[in-house]
Amino acid sequence: MRSISVKSSSGNTSSLLAGAATAVAGCGALLALADAHTPLRGPSTLFFLLAAPAAAIWLALRGLDTYGRVVVALAGAVVLDMLVAQAMLAVHRWSVRGGIVAVTGLSLLLFLVIFRRMKASSGKRLPE
């Protein structure tokens, strides 16, 4: 009988961690939007509020080393979250769902701008 061994590489581990982080962040957003009463709602929603903008900022910082990208991405995520909270408080429209939607929208907008810029810089012509 022959035994089959699977060689693990760091690429598989980082993909697994990225998938788990995406699942936790997505569950956090869904739990907050559904107003679910569970102990996991707070930590997973906080993780979403930090991870979504941090991932978008991480992509924009291709020129920095890894440690610098982590620090700047997390600081940028905190700044974005604080700006959303300050804007909602200033107009007297504070809500958890509104904050989740605003941070999601701003993160997606940042992702789209970055992907469009990356595609344009690769020399390919974009459809108009």
Side-chain angles (χ1 to χ4, degrees):
M1 177 177 266
R2 179 188 277 184
S3 64
I4 299 173
S5 65
V6 177
K7 294 181 181 178
S8 176
S9 67
S10 64
N12 292 338
T13 305
S14 64
S15 296
L16 182 64
L17 287 175
T22 303
V24 169
C27 288
L30 290 176
L31 288 173
L33 291 174
D35 199 25
H37 298 289
T38 176
L40 296 176
R41 177 182 167 192
S44 57
T45 302
L46 179 62
F47 182 73
F48 171 78
L49 288 173
L50 288 175
I57 294 170
W58 171 274
L59 282 177
L61 302 172
R62 289 184 286 170
L64 293 177
D65 63 331
T66 304
Y67 182 71
R69 285 174 82 179
V70 168
V71 171
V72 173
L74 286 176
V78 170
V79 167
L80 183 82
D81 291 339
M82 293 297 169
L83 287 174
V84 167
Q86 183 67 32
M88 291 176 72
L89 288 171
V91 297
H92 302 289
R93 297 287 182 190
W94 171 253
S95 73
V96 174
R97 289 181 183 166
I100 296 288
V101 170
V103 169
T104 303
L106 289 172
S107 297
L108 285 176
L109 181 68
L110 189 56
F111 270 123
L112 291 175
V113 168
I114 292 166
F115 283 135
R116 186 159 176 93
R117 187 185 70 183
M118 287 171 55
K119 196 170 189 180
S121 69
S122 68
K124 296 178 182 177
R125 185 159 183 138
L126 294 174
E128 310 223 4

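Fair warning: this is a prediction, and the values are worked out from it, not measured in the lab. Along the sequence shown, the residues carry numbers beginning at 1.
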Trainee: By the definition side chain to side chain contact (heavy atoms under 4.5 Å, CB included), identify the one residue from M88, M82, Q86 that meets it with V84.
Mentor: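 It is M88; the other options fail the test.
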Trainee: Check whether more than 12 heavy atoms from other residues, nucleotides or ligands sit under 6.0 Å from atom CZ of R93, and answer yes or no.
Mentor: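 Not buried by this count: 12 neighbours or fewer within 6.0 Å.
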Trainee: Donor-acceptor pair, distance only, cut-off 3.5 Å: does the side chain of R97 make one with the backbone of L33?
Mentor: yes
Trainee: Rounded to the nearest 0.5 Å, how far does CD1 of I114 lie from CG of L109?
Mentor: 9.5 Å
Trainee: Apply the test side chain to side chain contact (heavy atoms under 4.5 Å, CB included) to residues V70 and W58: give CA-CA distance (whole Å), side-chain angles for both, the deciding distance (0.1 Å), then the verdict.
Mentor: CA-CA 7 Å; V70 168; W58 171 274; 3.5 Å; yes
Trainee: Measure across F48 and P53 and return the closest heavy-atom pair with its distance rounded to 0.1 Å.
Mentor: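 Taking F48 first and P53 second, the nearest heavy atoms are O-CD, 4.0 Å.
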Trainee: Determine whether a donor-acceptor pair (N or O, by modelled atom type, separation under 3.5 Å) exists between the side chain of T45 and the backbone of G42.
Mentor: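 Not at all, since once roles are kept as given, no pair shorter than 3.5 Å links the two residues.
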Trainee: Find the distance between OG (S107) and CG (L49) and round it off to the nearest 0.5 Å.
Mentor: 9.0 Å
Trainee: Could you state whether L89 and L80 fall into the same hydrophobic cluster, counting links through intermediate Ile, Leu, Val, Met, Phe, Trp or Tyr residues with side-chain heavy atoms under 4.5 angstrom apart?
Mentor: yes
Trainee: Atom CZ of F47 and atom CG of L40: how far apart are they, to the nearest 0.5 Å?
Mentor: 13.5 Å
Trainee: Working to the nearest 0.5 Å, report the span between CG of L110 and CG of L106.
Mentor: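 If I round to the nearest 0.5 Å, the distance is 8.5 Å.
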Trainee: Do you reckon I100 sits in the same ILVMFWY cluster as L108, going by side-chain contacts under 4.5 Å, direct or chained?
Mentor: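 They do not share one cluster, since no chain of ILVMFWY contacts under 4.5 Å joins I100 to L108.
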Trainee: State, to 0.1 Å, how close A73 and A54 come at their nearest heavy-atom pair, and which atoms those are.
Mentor: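 Of all heavy-atom pairs spanning A73 and A54, the closest is CB-O, 3.4 Å.
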Trainee: If every non-hydrogen atom of A32 is compared with every non-hydrogen atom of R41, which pair is closest and at what distance?
Mentor: CA-NE, 3.9 Å
Trainee: Holding to side chain to side chain contact (heavy atoms under 4.5 Å, CB included), I want the full list of residues that pass it with L61, two or more places apart in sequence or in another chain.
Mentor: I57, L64, R69, V72
Trainee: After noting the C-alpha distance and the side-chain angles of V79 and L83, does the key distance pass the side chain to side chain contact (heavy atoms under 4.5 Å, CB included) rule?
Mentor: CA-CA 6 Å; V79 167; L83 287 174; 4.0 Å; yes
